[in-house]
Amino acid sequence: MEVRRFFMRRLGSGTTFRRVARALHMPTMCVSVRPLSCLPSGTPDQTVAKKQQHAPCLMANLTCKKNFWQGRANMCTASHTTLDPSEMKKFQSLANRWWNEQGEFAALHSMNDLRVPFIRDNLLNRNGRRKPGSPLSGYKILDVGCGGGLLSEPLGRLGGLVTGIDPLEDSIRTAELHKSFDPVLNNQIHYRSCLLEDITEEAAETFDAVVASEVVEHVNDLETFISSCYEVLKPGASLFITTINKTNLSFSLAIVVAESFLKIVPSGTHDWDKFVSPVDLERILESNGFYVESINGMCYNPLSGSWSWIESTAVNYAVHAVKQKAQPEFTETTAEEHQDQTRTSTGTSV
């Protein structure tokens, strides 16, 4: 009886309930039930009607609640993925062209002249480990959004143990095929078709460096992406990002000029709304446990096809961030413990 009263209070009158039901698209069997007031009070028919009426309404109400929360769960899942299906479509048709140095990825090939030394030098300067011929020997590096392996291969040749991941299987096949031409790389590079968030648990605190070069402007959820980078890095390890600033100049040069006029990259490659400024990127990094070591401007010369470092970060820039080491937990010390520790350190006794 108490349960029935509870649901009657929740569902309200017949008219109110029908309005709510229509708005929620609930089953018609629940909407079309006759109100109990139409039957004589206290009759057996009314008793039977009560049972017949509230059972389907209760089931429909519970079904609506289930569908509502399932929808909320699906929305949460969708908002916490870094994959943007529209970005997959952009690169699907280009998956077999990664190693055409005169094609759509020519600018990425020449960017290696900047980004490879940038990664190598910052890692060595922080850790001091140097091995002639293989300066990155022993470093475990994750190349996120590796595409056809344009950056993974030179890092592997420097001795790095590289894991390249990309959600596009065709790009990974291209990377595997090109890697097979150099037997030295077979033991240095491992490719895998997956998202970054797919490996955060199995690869927690595994890598000495994560590289996301020309990637963050294509992801669906930047916060989740940076958080996932944090999860897979060892404490004190490095995150390297190259991307495009969100300015009027970047719109003019990176989209209008590069895509529409000079055809350096295919039209539609970039979405200006996804560009991120150094200030915003630094804020996101710091809120996810990183501190930024350096931010450097980059400039591409379409005439020479080369990149150079510049002071301005108005268009392209590179970031080196470091995962902060965990702070030691605070442990309260009593006055008696402090006195004991003082006596021990000074060699005195009471």
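The one candidate from Val265, Leu94, Asn100 that meets the side chain to side chain contact (heavy atoms under 4.5 Å, CB included) condition with Phe105 is Leu94. No option in Trp307, Phe240, Tyr317 other than Phe240 meets the ring pair (Phe, Tyr, Trp, His ring centres under 6.0 Å) test with Phe118.
Follow the hydrophobic side-chain contacts under 4.5 Å out from Met298 and you reach Val116 in the same cluster. In this structure, Val215 is a member of the same hydrophobic cluster as Leu233, with clusters built from ILVMFWY side-chain heavy atoms closer than 4.5 Å. A single hydrophobic cluster is seen to contain both Phe290 and Phe207, as judged by linkage of ILVMFWY side chains at heavy-atom distances under 4.5 Å, directly or through other members. A chain of hydrophobic side-chain contacts below 4.5 Å, direct or via other Ile, Leu, Val, Met, Phe, Trp or Tyr residues, connects Leu249 to Val257. Leu108 and Ile141 fall within a single hydrophobic cluster, where Ile, Leu, Val, Met, Phe, Trp and Tyr side chains are chained together by heavy-atom contacts under 4.5 Å.
Residue Asn248 qualifies as open at atom CG: its count of foreign heavy atoms under 6.0 Å is 12 or below.
Under the 3.5 Å distance criterion, the side-chain polar atoms of Ser287 are matched with a main-chain donor or acceptor of Arg283. Proximity of a side-chain donor or acceptor of Glu217 to a complementary backbone N or O of Val276 within less than 3.5 Å is not detected. Judged by distance alone, the side chain of Asp208 and the main-chain N or O of Lys140 form a donor-acceptor pair under 3.5 Å. Under a 3.5 Å cut-off, the side chain of Gln188 and the backbone N or O of Gly159 do form a donor-acceptor pair. The backbone N or O of Gly305 sits less than 3.5 Å from a side-chain atom of Ser110, completing a donor-acceptor pair. A donor-acceptor contact shorter than 3.5 Å links the side chain of Asn112 to the backbone of Leu150. No side-chain donor-acceptor contact under 3.5 Å links Lys323 to the backbone of Ala237.
For Asp198, the side-chain hydrogen bond (donor to acceptor under 3.5 Å, both in side chains) criterion is met by no residue, not counting sequence neighbours. For Asp170, the side-chain hydrogen bond (donor to acceptor under 3.5 Å, both in side chains) partners two or more places apart in sequence, or in a different chain, are Gln92, Arg173. His109 is linked by a ring pair (Phe, Tyr, Trp, His ring centres under 6.0 Å) to Trp99, counting only residues two or more places apart in sequence or in another chain. With sequence neighbours left out, Ser306 forms a side-chain hydrogen bond (donor to acceptor under 3.5 Å, both in side chains) with Ser304. Every residue meeting the salt bridge (Lys or Arg N to Asp or Glu O under 4.0 Å) condition with Glu202, not counting sequence neighbours, appears here in chain and number order: Arg192. Looking at residues two or more places apart in sequence or on another chain, you find no salt bridge (Lys or Arg N to Asp or Glu O under 4.0 Å) involving Lys263.
Between Pro278 and Asn245, the closest side-chain pair of non-hydrogen atoms falls below 4.5 Å. At least one side-chain heavy atom of Ile264 sits less than 4.5 Å from a side-chain heavy atom of Pro302. A heavy-atom distance below 4.5 Å is found between the side chains of Phe275 and Ile255. You'll find the side chain of Leu114 stays beyond 4.5 Å of the side chain of Asn296, heavy atoms only. Within the 4.5 Å cutoff, the side chain of Val232 has no heavy atoms near those of the Thr206 side chain.
For the residue pair Ala314 and Thr247, the shortest heavy atom distance occurs at O-OG1, 2.7 Å. When all heavy atoms of Ser250 and Trp272 are compared, the closest pair comes out as OG-NE1, 3.4 Å. Shortest non-hydrogen contact noted between Asp273 and Lys246 is O-NZ, 3.4 Å. The two residues Asp166 and Cys146 make their nearest non-hydrogen contact at OD2-N, 3.6 Å. In this structure, Glu214 and Thr242 approach most closely via the heavy-atom pair OE2-OG1, 2.6 Å. The two residues Ala209 and Leu123 have their closest heavy-atom pair at CB-CD2, 4.0 Å.
Here the straight-line distance linking atom OH of Tyr191 with atom CG of Asp143 works out to 7.5 Å at 0.5 Å rounding. Within the model, atoms CG of Leu253 and SG of Cys299 stand 8.5 Å from one another, a figure rounded to the nearest 0.5 Å. Separating the CD1 atom in Ile284 from the CD atom in Glu223 is a distance of 5.0 Å, to the nearest 0.5 Å. Going from atom CG of Leu124 over to atom CG of Leu136 covers 6.0 Å, rounded to the nearest 0.5 Å. Interatomic distance, Asn186 CG to Lys179 NZ, rounded to the nearest 0.5 Å: 5.5 Å. Distance OG1/Thr243 to CG/Leu281: 7.5 Å, rounded to 0.5 Å.
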### Task
Show your reasoning for whether side chain to side chain contact (heavy atoms under 4.5 Å, CB included) applies to Asn316 and Ile244.
CA-CA 5 Å; Asn316 295 86; Ile244 307 175; 3.8 Å; yes

### Task
Please lay out, stage by stage, how Ile189 and Glu153 fare under the test side chain to side chain contact (heavy atoms under 4.5 Å, CB included).
CA-CA 7 Å; Ile189 303 175; Glu153 288 200 7; 4.1 Å; yes

### Task
Check the pair Val144, Ile165 against side chain to side chain contact (heavy atoms under 4.5 Å, CB included), reporting the backbone distance first and the verdict last.
CA-CA 5 Å; Val144 183; Ile165 63 172; 4.3 Å; yes

### Task
Could you check Leu151 against Ile119 for side chain to side chain contact (heavy atoms under 4.5 Å, CB included), going step by step and ending with a plain yes or no?
CA-CA 11 Å; Leu151 184 55; Ile119 296 167; 4.2 Å; yes

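No side-chain donor from either of Glu197 and Ser228 sits under 3.5 Å from a side-chain acceptor of the other. Checked by atom type, the side-chain pair Arg115/Ser213 shows a donor-acceptor distance below 3.5 Å.
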